[in-house]
There are 2 protein chains.
Amino acid sequence: MQSFTEENYLKIIYHLSETSNNVQTNAIAEQMQTKPASVTDMIKKLADKGFVDYIKYQGVTLTEKGKNAAIDIVRKHRLWEVFLVDKLNFKWDEVHDVAEELEHIKSVALIERLDEFLGFPKSDPHGDPIPDKNGRFAKTQFTKLIDLKIGDSGTITGVSQHSSAFLKHLEKLGLTLGKQIHINDVTDFDGSVEISVNGKQINISREVAKHILISNNGKN
Amino acid sequence: MQSFTEENYLKIIYHLSETSNNVQTNAIAEQMQTKPASVTDMIKKLADKGFVDYIKYQGVTLTEKGKNAAIDIVRKHRLWEVFLVDKLNFKWDEVHDVAEELEHIKSVALIERLDEFLGFPKSDPHGDPIPDKNGRFAKTQFTKLIDLKIGDSGTITGVSQHSSAFLKHLEKLGLTLGKQIHINDVTDFDGSVEISVNGKQINISREVAKHILISNNGKN
DNA sequence: AAAATTTTTTAGATTTACCTAAAAATAAAA
DNA sequence: TTTTATTTTTAGGTAAATCTAAAAAATTTT
Ligand SMILES: [Mn+2]
Ligand SMILES: [Mn+2]
Ligand SMILES: [Mn+2]
Ligand SMILES: [Mn+2]
């Protein structure tokens, strides 16, 4: 049984593992909003408990055990997000902080019944996949909107930035999950993108385009 | 913002306040499953923060602030219990431990929307009243089944013992909330009580009868 | 390859919530 | 009213998770 803190470390190491194979101390410290010295302490503890493989100065890698533990927390986090949006009418930009707390509730029965109550959802309000109770989930193939070419089109199926500010902005622009978009033009001056959505033509900044994930995209 | 531990102390002091005016160190220690010395430490901290009035060797009393904080936690605990039973099909003997964790989730929006989602329930699965968002609730008048006389009848509206063993036992006997009962006889030998419920006649021990709460009782 | 920079680790403290053992205060019994 | 028993507090310490400052290792730049 892990502490809240250990669980948070595991989850962050898991997410950082998606980008780089060896997760660095400083990267963890930044995500955990703590100091590198504290991370080193915790890393040693997680290594002792068999959650990570650790070589001094070489960063950490999750063991199978560590990966399973992390996926379990991700599953809880995302299921609770679905609950908050589907049942309690939270907006997609309001759920993250509450889910950060709820993900630590320890009860296998609770999460299995919640999963059933929600109809075994496959993805959370941000388009992220929800692992099943065995930790399995489909690794979805996304293209960043910024990487599409003029004339391409596709469906918004995820976001790679979960800040409330970003999500509210998307909402205001009408860029929500499931929406069909088409790339009309890319501005030379600032790299901003002209897209069609909801029958209207809008302009979004490079920064926004970077964090919108597209699937079913028909190349031109 | 209080820690989980502080919240647990406040809730326990609140419940103990229902019986005695000045809550004793040892009583708190027993409920918290900790040592009296630890309780003294925490009491000082709670007094510093203005949650309790404390005079050395004289026990503690909740301040208005402390009482409000405690009621808020009780409200969360009971609402989550309703959620677990009504929405996730938990039995009334399975909810307590999970609610002990859920009651500490800190989000005003969450608990207000949960309350609404549940239809603003007035009592929890054990018959205990749920305070509204202003901390108000009807103090219900219960009679212990053990205090009824032969010929009396009434409705089961609560229990004063929440252990899983006790609740499972009641379930098996058909003694659930809302059931009509009638006192047929009291055994001289062991003080056990002969009652009618569901058209059947059953015998329950004094110990069980002590912890069943009856309302709408028609005296004979 | 040497120097400069960045990353990571160690050393030593702090805070919170505990603990045990012993002293002090209060309450109950003789 | 002593004596005895119970309750409560103090004193001193531990473990988890954090911190700052400084040393050590690794990486990058010159
Ligand atoms: Mn989230
Ligand atoms: Mn999410
Ligand atoms: Mn309960
Ligand atoms: Mn209850």
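Letters go in sequence order (proteins before strands), and every chain restarts at 1. Bear in mind the structure is a predicted one, so any value in this text is a computation, not a measurement.
Applying the salt bridge (Lys or Arg N to Asp or Glu O under 4.0 Å) definition to pairs two or more places apart or across chains, those involving residues 106-115 of chain A are A:E7-A:K106, A:R75-A:D115, A:E112-A:K133, A:R113-B:E94. Applying the side-chain hydrogen bond (donor to acceptor under 3.5 Å, both in side chains) definition to pairs two or more places apart or across chains, those involving residues 117-126 of chain A are A:E81-A:H126. Here ring-ring contact (aromatic ring centres under 6.0 Å, His included) pairs that include residues 58-90 of chain B, with residues two or more places apart or in two chains, are A:F83-B:F83, B:H77-B:H96, B:W80-B:F83. Residue pairs meeting the ring-ring contact (aromatic ring centres under 6.0 Å, His included) criterion with at least one member in residues 12-71 of chain B, sequence neighbours excluded, do not occur.
Separating the CD1 atom of A:I43 from the P atom of D:dT18 is a distance of 12 Å, rounded to the nearest angstrom. Between the CD atom of A:Q2 and the P atom of D:dA16 there is a distance of 15 Å, rounded to whole Å. To the nearest angstrom, C1' of C:dT7 lies 13 Å from CD1 of A:I28. For A:Q33 and D:dT18, the CD to P distance is 12 Å, given to the nearest whole Å. A:I55 has its CD1 atom 14 Å from the C1' atom of C:dT8, to the nearest Å. In this entry the distance linking CG of B:N22 with P of C:dA27 reads 11 Å, nearest Å. In this structure, the NZ atom of B:K49 is 12 Å from the C1' atom of C:dT15, given to the nearest Å.
For D:dT8, one of the phosphate oxygens OP1 or OP2 lies less than 4.0 angstrom from a side-chain nitrogen or oxygen of B:Q24. Contact between the side-chain N/O atoms of B:N26 and the OP1/OP2 oxygens of D:dT6 is not found at any separation under 4.0 Å. Phosphate proximity of D:dC19 to A:T34: present, with a side-chain N or O under 4.0 Å from OP1 or OP2. Remark: A:T25 is not in phosphate contact with C:dT7, judged by side-chain N or O atoms under 4.0 Å from OP1 or OP2.
For A:S163, the side-chain contact (heavy atoms from CB on, under 4.5 Å) partners two or more places apart in sequence, or in a different chain, are A:Q161, A:A165, A:F166. A search for ring-ring contact (aromatic ring centres under 6.0 Å, His included) contacts involving A:F120 returns nothing, not counting sequence neighbours.
Using a 4.5 Å heavy-atom cutoff, the side chains of A:L79 and A:K76 are not in contact.
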Could you list all N or O pairs between the protein and nucleotides 10-14 of chain C that sit under 3.5 Å apart?
residue: C:dT10; atom: OP1; partner: A:K56; partner atom: NZ; Å: 2.6
residue: C:dT10; atom: OP2; partner: A:K44; partner atom: NZ; Å: 2.5

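When distances run from any side-chain atom of A:Y57 to the nucleotides D:dT18, C:dT8, C:dC19, the shortest one goes to C:dT8.
DNA chain D lies under 4.0 Å from at least one heavy atom of each of the following residues of residues 5-16 of chain A: A:T5, A:Y9.
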For residues 21-37 of chain A, tabulate all N or O donor-acceptor pairs below 3.5 Å that involve a side-chain atom, not counting sequence neighbours.
residue: A:N22; atom: ND2; partner: A:Q58; partner atom: O; Å: 2.5

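Summary of the strand contacts: A:Q58 and A:S38 both lie near DNA chain D, and taking for each the nucleotide with the nearest heavy atom, the more 5' one is attributed to A:S38.
A salt bridge between B:E103 and B:K11 is present, with a side-chain N of the basic residue lying under 4.0 Å from a carboxylate O of the acidic one.
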